[in-house]
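Only one structure is covered here, and it is reproduced in the block below.
This chain uses plain numbering: 1 for the first residue, then up along the sequence. Just the heavy atoms: all of them, side chains too, but no hydrogens, waters or symmetry mates, feed the values below.
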Amino acid sequence: MADEEQARDPARDGPSPGAGAGADIGTGVVVEDGVRAAKGKWIFHCGLKGLCPRCGKGRMFRKWLKLQDRCPACGLDYAFAAPDDGPAFFSLCIIAFPLTFFAVWLQVRFEPPFWVHLLTSFPLLAIGCVVPLQFIKGWLVASQYVNKAQEAGTEKLWADLNARHAEGRED
């Protein structure tokens, strides 16, 4: 039973049998929503904690924003991961824009001297945009793995690139 449970990939297989995925199998709606919810929870869990999206045990990062080459627990190769500028984009959209509106509101409402912005607005923006980068990057990498995401029409290109990269590591 333990071998069977280890062979399961909860991120891709959905909830384990009997995990309450839904009783109405005839319509498929309840089961589909249960699988989707389980995938979402798994992605969020792995991304937030920086854990491998396959096994949920190994650390995803070797440094603050630098991914491991492989998961130390299950050996998942992170060559598929290409979050690119995604973490910065989400950080700016989710955090920087609201904090910028706060800084503008502070200026319009109270007209403080510039040093007040140096003590409030700038540190809030810097810390607010930099701190969540690892969580967002982990979330994007886990999403790419669970949803098997890659650019359309690039399967052969990525396979060739990863093969050359693997050959370079072996030399």
Taking all non-hydrogen atoms of both residues, which atom of [X] and which atom of [Y] are closest, and how far apart?
X	Y	answer
Trp64	Val130	CZ2-O, 3.1 Å
Leu65	Lys137	O-NZ, 2.7 Å
Gly58	Cys71	CA-SG, 3.7 Å
Pro132	Ile95	CG-CD1, 3.2 Å
Leu99	Gly128	CD1-CA, 4.4 Å
Ala96	Cys129	CB-SG, 3.5 Å

Heavy-atom side-chain proximity of [X] to [Y] below 4.5 angstrom:
X	Y	result
Trp139	Leu48	no
Leu140	Pro87	yes
Arg70	Leu76	no
Phe80	Val141	yes
Pro83	Gln144	yes
Asp69	Tyr78	no
Met60	Leu67	yes

Verify same cluster id: [X], [Y] (apolar side-chain graph, 4.5 Å):
X	Y	result
Phe44	Leu133	no
Phe110	Leu119	yes
Trp105	Leu125	yes

- Query: In terms of heavy-atom contacts, does CZ of Phe101 have more than 12 from other residues, nucleotides or ligands at under 6.0 Å?
  - Reply: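 Incorrect, the count does not exceed 12.
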- Message: Working note: Val116 + Gln107, criterion side chain to side chain contact (heavy atoms under 4.5 Å, CB included); need CA distance, chi angles, decisive distance, verdict.
- Response: CA-CA 9 Å; Val116 172; Gln107 180 61 38; over 6 Å; no
When rounded to the nearest 0.5 angstrom, what is the spacing between [atom1] in [X] and [atom2] in [Y]?
X	Y	atom1	atom2	result
Asp85	Phe90	CG	CZ	11.5 Å
Ile94	Phe89	CD1	CZ	8.5 Å
Gln68	Phe61	CD	CZ	10.0 Å
Leu124	Leu106	CG	CG	10.0 Å
Ser91	Phe97	OG	CZ	10.5 Å

Whether [X] side chain and [Y] backbone form a donor-acceptor pair below 3.5 Å:
X	Y	answer
Gln134	Gly50	no
Trp42	Pro53	yes
Asn147	Ala149	no

